[in-house]
Amino acid sequence: MGRVNIGDFMFKKILLPTDGSALSKKAIRKGVAFAKSIGAKVVGFHAKPLANFVYHGESMAVVPGLLEAQQAEIDRAAQKFIAEIDKVARKEGVPCECLSVENNSPYEAIIGAAKNKGCDLIVMASHGRRGLAGLVLGSEANKVLTHSKIPVLVMR
């Protein structure tokens with residue numbers, strides 16, 4: 001088999017997941033530029049963690065309004081992250097839709113969003129954790145690579 005170029009594939013809709021990090025922002029810019037070069041659309045995506053109970057001493061306490069405040073902050077951050085994707089796409093003239101969903105398993109949410117939105121490529125960042133940090137923290141990018149049937153382009 002000869003050499004295969006990524007341009008040999010027809011990608012029409014690209015999922016751009018973000019966690020708001022500098023590496024995600026870099027992957028977004030590159031993903032949007034790639035989409036523009038091939039005439040594809042992009043879908044900006046963020047998996048929002050669920051608000052958690054607060055531990056107070058040795059018991060779990062529900063402080064009135066605290067979970068709601070925590071969820072509101074999570075929602076604000078998600079809106080900020082996906083607005084950044086929309087801004088980059090608009091600046092480059094690339095059609096874009098954005099969404100966020102609640103899910104404490106980002107890799108599952110990313111794969112689910114790609115399937116639900118009909119994406120044929122996922123472009124995402126990898127923090128490149130190695131050693132014990134990589135083992136303990138895991139890698140969402142690695143989990144997406146392992147479980148996705150949709151092609152994944154990982155940026156560093």
Asks: What pairs with Q79 under side chain to side chain donor-acceptor pair (under 3.5 Å), at least two apart in sequence or on another chain?
Replies: none

Asks: By salt bridge (Lys or Arg N to Asp or Glu O under 4.0 Å), which residues pair with E108, not counting sequence neighbours?
Replies: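 E108 satisfies salt bridge (Lys or Arg N to Asp or Glu O under 4.0 Å) with no other residue.
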
Asks: So which pairs with a foot in residues 89-114 pass ring-ring contact (aromatic ring centres under 6.0 Å, His included), sequence neighbours left out?
Replies: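 Residue pairs with at least one partner in residues 89-114: Y107-H147.
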
Asks: For L15, which of I122, N116, I111 qualifies under side-chain contact (heavy atoms from CB on, under 4.5 Å)?
Replies: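 It is I122, the one option of I122, N116, I111 that forms the side-chain contact (heavy atoms from CB on, under 4.5 Å) with L15.
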
Asks: Inspect the surroundings of NZ in K13 and state if more than 12 heavy atoms from other residues, nucleotides or ligands are less than 6.0 Å away.
Replies: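 Counting other residues, nucleotides and ligands, NZ of K13 exceeds 12 neighbours.
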
Asks: With clusters defined by side-chain heavy atoms of hydrophobic residues (ILVMFWY) lying less than 4.5 Å apart, directly or transitively, does I38 cluster with V43?
Replies: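 No, separate clusters.
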
Asks: Kindly write out the residues that satisfy salt bridge (Lys or Arg N to Asp or Glu O under 4.0 Å) with K36, not counting sequence neighbours, or none if the list is empty.
Replies: E92

Asks: Which pair of non-hydrogen atoms, one from V152 and one from L121, has the smallest distance, and what is that distance?
Replies: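 Scanning both residues completely, I find the closest heavy atoms to be N-CD1, 4.3 Å.
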
Asks: So M124 and V144, side chain to side chain contact (heavy atoms under 4.5 Å, CB included) or not? Walk me through it.
Replies: CA-CA 9 Å; M124 64 186 300; V144 172; 3.9 Å; yes

Asks: In plain terms, say whether K143 and E140 are close enough for a salt bridge, that is, a side-chain N and a carboxylate O under 4.0 Å apart.
Replies: yes

Asks: Any idea which heavy atoms bring I82 and C98 closest together, and the distance?
Replies: O-SG, 3.5 Å

Asks: To the nearest 0.5 Å, tell me how far E68 CD sits from E73 CD.
Replies: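 One gets 14.5 Å once the value is rounded to the nearest 0.5 Å.
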
Asks: I need the minimum non-hydrogen distance between T18 and I85, along with the two atoms involved.
Replies: CG2-CD1, 3.7 Å

Asks: Treat each ILVMFWY residue as a node, draw an edge where side-chain heavy atoms are under 4.5 Å apart, and state whether V123 and F11 are in one component.
Replies: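 Result: yes, single cluster for both.
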
Asks: Looking at every non-hydrogen atom in both residues, tell me the closest pair between V94 and A35 and how far apart they are.
Replies: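 Heavy atoms only, the tightest pair is CG1-CB, 4.1 Å.
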
Asks: Under the ring pair (Phe, Tyr, Trp, His ring centres under 6.0 Å) rule, collect the residues that match up with F45, sequence neighbours excluded.
Replies: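 Testing F45 for ring pair (Phe, Tyr, Trp, His ring centres under 6.0 Å), a comparison that skips the adjacent residues, returns none.
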
Asks: Distance from L16 atom CG to F34 atom CZ, nearest 0.5 Å?
Replies: 11.0 Å

Asks: Which heavy-atom pair separates A125 from V154 by the least distance, and what is that distance?
Replies: C-CG1, 4.4 Å

Asks: So does K12 pair up with D120, basic N to acidic O under 4.0 Å?
Replies: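 Judged by the 4.0 Å cut-off on N to carboxylate O distance, K12 and D120 do not form a salt bridge.
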
Asks: Specify the closest pair of heavy atoms between K48 and D75, including all atoms of both residues, with the distance to one decimal.
Replies: NZ-OD1, 3.0 Å

Asks: Apply side chain to side chain contact (heavy atoms under 4.5 Å, CB included) to M155 and L23, showing your working.
Replies: CA-CA 8 Å; M155 303 285 186; L23 282 174; over 6 Å; no

Asks: Do K30 and L153 come within less than 4.5 Å of each other through their side chains, counting heavy atoms only?
Replies: no

Asks: Tell me every residue that passes side chain to side chain donor-acceptor pair (under 3.5 Å) with D19, counting only those two or more places apart in sequence or in another chain.
Replies: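 Side chain to side chain donor-acceptor pair (under 3.5 Å) check on D19 returns S21, S24, H127.
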
Asks: Kindly work out whether a path of hydrophobic side-chain contacts (I/L/V/M/F/W/Y, heavy atoms less than 4.5 Å apart) joins F81 to I74.
Replies: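 Looking at the clustering, I74 is in a separate group from F81.
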
Asks: Where do K41 and E97 land on the side chain to side chain contact (heavy atoms under 4.5 Å, CB included) test, with the steps shown first?
Replies: CA-CA 8 Å; K41 298 176 183 178; E97 65 177 294; over 6 Å; no

Asks: Which value, rounded to the nearest 0.5 Å, describes the distance between S105 atom OG and L50 atom CG?
Replies: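 Atom-to-atom, S105:OG and L50:CG are 11.0 Å apart.
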
